[in-house]
Amino acid sequence: ITEDLEAREVYQAFSTQYQELLATVPEDTEPQDAALAAEILLSSLGSALRKWSLGQTSIDQVFDHVDKAVKLVFGQPRERC
């Protein structure tokens, strides 16, 4: 959360484009389900970036986190241990 209006505008533009992109990825998926998947991934990205901005993780770990989150959401169901 920031008082910087320019930062807010940039983030809002990114967020909108990211959600629209993710909504087009899943084939044979209801639009509301695709929108929910995009919201989940955007929340996950926001959490990872927050940790990075606080110096709690590296940007490489953020990229890895996002890759794993996308695979989890869009990949095949995992078997239970």
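All of these numbers come straight from a predicted model, not from anything done at the bench.
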Once you round to the nearest 0.5 Å, how far does CG of Leu42 lie from CZ of Phe14?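 Rounded to the nearest 0.5 Å, the CG-CZ separation comes to 6.5 Å.
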Working to the nearest 0.5 angstrom, can you tell me the gap between Leu45 CG and Ile40 CD1?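 So the CG of Leu45 and the CD1 of Ile40 are separated by 14.0 Å.
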Pair Asp64 + Lys68, salt bridge at N-O below 4.0 Å: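 Lys68 and Asp64: salt-bridged.
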Search all heavy atoms of Leu41 against all heavy atoms of Val70 and return the closest pair with its distance.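 The answer is CD2-N, 3.8 Å.
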For the student: nearest non-hydrogen atoms of Val62 and Ala48, plus distance: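 Taking every non-hydrogen atom into account, CG2-O, 3.5 Å.
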Indicate, with yes or no, if Val10 and Trp52 share a hydrophobic cluster defined by side-chain heavy-atom contacts under 4.5 Å among Ile, Leu, Val, Met, Phe, Trp and Tyr.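 Each belongs to a different hydrophobic cluster.
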With side-chain hydrogen bond (donor to acceptor under 3.5 Å, both in side chains) as the rule and sequence neighbours excluded, what pairs involving residues 30-46 come up?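 Those involving residues 30-46 are Ser44-His65.
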Under the rule for side-chain hydrogen bond (donor to acceptor under 3.5 Å, both in side chains), what residues qualify as partners of Gln61, not counting sequence neighbours?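 Residues passing side-chain hydrogen bond (donor to acceptor under 3.5 Å, both in side chains) with Gln61: Thr57, Ser58.
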